[in-house]
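Heads up: the structure comes next, in structure tokens.
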There are 2 protein chains.
Amino acid sequence: MSEPPGRSEHILVVDDDARIRQMLIRYFEDEGYRVTAVADGQAMRECLDKAAVDIILLDLVLPGGEDGLGLTREIRSRSDIPIIMLTGRDDVVDRIVGLEVGADDYIAKPFHLREVLARLRTVLRRRQPAIASVSGADSETFHFDGWRLDLARRQLVTAEGEEIILTTGEFDMLAVLAKHPGRVFSRDVLMDLTHGRTLEAFDRTIDAQIARLRKKVERDPKRPSLIKSVRGIGYVFTGKPDSPRL
Amino acid sequence: MSEPPGRSEHILVVDDDARIRQMLIRYFEDEGYRVTAVADGQAMRECLDKAAVDIILLDLVLPGGEDGLGLTREIRSRSDIPIIMLTGRDDVVDRIVGLEVGADDYIAKPFHLREVLARLRTVLRRRQPAIASVSGADSETFHFDGWRLDLARRQLVTAEGEEIILTTGEFDMLAVLAKHPGRVFSRDVLMDLTHGRTLEAFDRTIDAQIARLRKKVERDPKRPSLIKSVRGIGYVFTGKPDSPRL
DNA sequence: GCGATGACGTGACGGATTGTAACAGGCAGG
DNA sequence: CCTGCCTGTTACAATCCGTCACGTCATCGC
């Protein structure tokens with residue numbers, strides 16, 4: 001609750017909407033933070049070059065051909081500064097991609113200022129490992145049965161070196177499962193993690209997506225070896241993790 | 001709904017909202033569980049120190065600077081107690097992080113009590129290798145009579161290298177038995193371990209499942225050599241463990 | 001030994017769960 | 001506006017497995 005006495009945290013806001021910048025500046029300065037607000041990626045770089053920044057609030061969509069995802073990747077390539085992404089309400093895909101690219105959290109617009117404050121404090125407090133494993137430059141690549149699943153490039157390559165083209169939804173599903181081999185995911189959890197919404201009764205969305213995914217990645221979709229069903233529960237990734245880097 | 005005879009599972013609830021604690025206590029005690037409910041991380045530690053706990057329901061956000069993620073990490077660093085995290089509806093990030101940090105499952109608030117019960121039983125029954133399996137410790141493979149039972153991949157391979165396709169229920173049954181060669185399991189225990197529920201009178205569920213399993217894994221199902229019956233008691237796994245891979 | 005009794009094996013049935021083809025709405029790209 | 005891809009939905013097929021029914025077998029008292 002109390003401020004760190006020595007110095008206050010420095011927040012960098014990147015958003016092209018002047019009203020939002022103004023609103024965030026006012027609110028967080030009232031809360032005792034130092035705030036710098038800029039409108040685009042170039043100004044962001046300049047700020048990062050000359051001032052110490054503790055956390056970045058980054059709008060996902062920016063004018064001038066740069067978007068938050070690219071900027072996040074850029075920042076992550078050389079720094080661990082916590083990043084909270086501001087996204088549209090329903091950009092579930094972007095959120096997941098954002099996390100994979102190295103953002104620490106996101107907040108959907110429109111947001112309540114109190115919520116932003118809460119998330120910001122959480123991220124600052126949490127900082128350390130958490131997503132840390134994700135933030136490693138290209139370390140987010142999974143190897144199993146000779147296959148390679150590259151989260152950054154969003155591509156899947158077989159043991160024979162052939163790339164398998166997956167749709168966005170298929171890739172997200174596979175990514176969630178492959179990240180936790182041996183873990184049984186319920187359909188609820190899968191729906192939440194891949195779609196950001198809750199499962200309705202008699203909802204076969206997950207099943208259909210799994211079937212389509214199996215048709216692409218399983219040698220014999222009738223006898224899956226990578227993704228197995230667990231009756232009454234959900235699905236589990238049963239690929240055998242290789243020792244990475246071979 | 002009779003009590004599990006010997007002992008009941010001990011649930012530790014960690015939530016700062018007294019109403020939620022009260023609600024969970026009442027419901028789970030009615031269901032025959034023992035419940036301890038505390039409000040913060042410190043109380044949680046004290047409880048863990050002095051009592052045996054079977055599963056933890058952990059609120060993600062807690063007062064006093066500690067949150068569920070940190071506590072989960074802390075618990076995981078020294079124990080495998082199953083953890084179910086209680087999260088706000090939209091904290092997708094925290095859920096993902098939660099799973100990565102080692103939680104076994106999560107439930108979004110507000111929740112239905114029946115749902116909590118279902119998840120809890122699932123987790124208790126299927127204590128997941130969670131992150132542990134990622135490290136490549138493939139100790140979760142059993143070898144007997146030249147056969148190989150791979151728990152992570154959920155597959156059974158004969159001495160001739162042929163895979164035998166088992167259903168979810170068959171695999172779970174075989175896994176329980178094969179983990180403890182020579183130990184006689186009563187039907188009650190098998191029902192509990194494979195279905196998470198107690199055996200009703202005149203319930204032939206286990207027998208049927210054993211019969212189906214034998215038909216797939218026994219050379220001569222009439223004269224079983226892997227899974228033998230113990231009249232009046234239950235079943236015992238009599239496969240000869242090989243020295244695992246030399 | 002012999003029938004009674006109870007335990008176990010197992011085929012069959014059907015409700016529930018899962019697989020999947022087909023369709024259509026939505027959306028991006030032209 | 002058209003076109004093609006993606007994906008949620010629907011309907012139906014396949015599978016799983018709890019239950020029932022009946023047959024066999026072990027055990028026991030006589």
Side-chain angles (χ1 to χ4, degrees), chain A residues 61 67 88 90-94 96 154 164-174 176 184-188 190-192 194-236, chain B residues 118 122 125 154 164-174 176 184-188 190-218 220-236:
Chain A
V61 285
D67 70 342
D90 296 318
D91 293 334
V92 177
V93 173
D94 286 329
I96 294 177
R154 294 186 71 81
I164 292 191
I165 307 294
L166 296 179
T167 70
T168 307
E170 289 160 359
F171 188 92
D172 289 341
M173 178 70 73
L174 180 59
V176 167
V184 180
F185 287 91
S186 70
R187 289 179 176 73
D188 301 78
L190 287 176
M191 178 62 91
D192 190 5
T194 60
H195 292 69
R197 62 184 179 87
T198 55
L199 200 73
E200 308 298 321
F202 306 112
D203 193 331
R204 306 296 310 284
T205 301
I206 299 298
D207 303 67
Q209 196 68 286
I210 290 283
R212 284 190 278 252
L213 180 54
R214 275 177 175 159
K215 202 155 22 171
K216 287 190 182 177
V217 305
E218 293 285 1
R219 186 180 301 274
D220 176 6
K222 298 283 183 186
R223 288 171 190 184
S225 66
L226 274 187
I227 301 170
K228 296 204 167 154
S229 310
V230 181
R231 172 170 249 255
I233 314 274
Y235 298 94
V236 55
Chain B
T122 300
R125 163 158 49 98
R154 296 188 69 84
I164 293 191
I165 307 293
L166 296 179
T167 69
T168 305
E170 289 160 359
F171 187 91
D172 288 343
M173 178 70 73
L174 179 58
V176 166
V184 179
F185 288 91
S186 71
R187 288 178 176 72
D188 300 79
L190 287 176
M191 179 62 93
D192 189 21
L193 293 179
T194 59
H195 291 69
R197 60 186 180 88
T198 56
L199 201 72
E200 307 297 322
F202 306 112
D203 194 332
R204 307 296 309 284
T205 301
I206 298 299
D207 303 67
Q209 196 66 287
I210 290 283
R212 284 191 276 252
L213 179 54
R214 275 175 175 159
K215 209 173 344 186
K216 286 191 183 178
V217 304
E218 293 286 2
D220 176 8
K222 297 286 183 185
R223 266 177 235 78
S225 64
L226 273 187
I227 302 170
K228 295 199 166 148
S229 308
V230 182
R231 186 184 176 81
I233 312 285
Y235 298 94
V236 57

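All values below were derived from every heavy atom in this structure, side-chain atoms included, with hydrogens, water molecules and symmetry-related copies excluded. Quick note on labels: first sequence line is chain A, next is B, and so on, each numbered from 1.
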Spell out protein contact along nucleotides 18-27 of chain C as letters: B when the base is contacted, S when just the sugar-phosphate is, - when no protein heavy atom is under 4.0 Å; keep the 5' to 3' order.
-> BBBS------
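- Within the 4.5 Å cutoff, side-chain heavy atoms of Arg154(B) are placed close to those of Asp172(B).
- Side chains of Lys216(B) and Leu174(B) form no contact here, defined as non-hydrogen atoms less than 4.5 Å apart.
- Atom CD in Glu218(B) sits roughly 17 Å away from atom P in dC8(C) (whole-Å rounding).
- Of all nucleotides listed (dT9(D), dC17(D), dT7(D)), dT7(D) comes nearest to the side chain of Thr168(A).
- For Glu218(B) (side chain) and Arg223(B) (main-chain N/O), no donor-acceptor pair under 3.5 Å exists by modelled atom type.
- Rounded to an integer number of Å, the gap from Gln209(B) CD to dC8(C) P is 17 Å.
- Distance check, rounded to the nearest 0.5 Å: OG1 of Thr198(B) to CE of Met191(B) gives 8.0 Å.
- For dT7(D), one of the phosphate oxygens OP1 or OP2 lies less than 4.0 angstrom from a side-chain nitrogen or oxygen of Thr167(A).
- What separates CD of Glu170(B) from P of dC16(D) is a distance of 7 Å, to the nearest Å.
- Distance, Arg154(B) CZ to dC16(D) P: 13 Å, rounded to whole Å.
- Nucleotide dC16(D) holds its P atom 6 Å from the NZ atom of Lys216(B), rounded to whole Å.
- Counting to the nearest Å, the P atom of dT10(C) and the CZ atom of Arg223(B) are 11 Å from each other.
- An OP1 or OP2 oxygen of dC17(D) is reached within less than 4.0 angstrom by no side-chain nitrogen or oxygen of His195(B).
- Between Ile227(A) and Pro224(A), the shortest heavy-atom distance links the atoms O-CB, 3.1 Å.
- A 4.5 Å side-chain heavy-atom check between Leu166(A) and Met173(A) finds every atom pair outside the cut-off.
- In this structure, Asp220(B) places its CG atom 9 Å from P of dT10(C), rounding to the nearest Å.
- Here the shortest heavy-atom pairing between Glu170(A) and Ile165(A) reads OE1-O, 4.4 Å.
- One interatomic measurement links the two molecules: CG of Leu213(B) to P of dG18(D), which rounds to 13 Å at whole-angstrom precision.
- Thr205(B) has a side-chain polar atom (N or O) that falls below the 4.0 Å cut-off from OP1 or OP2 of dT19(D).
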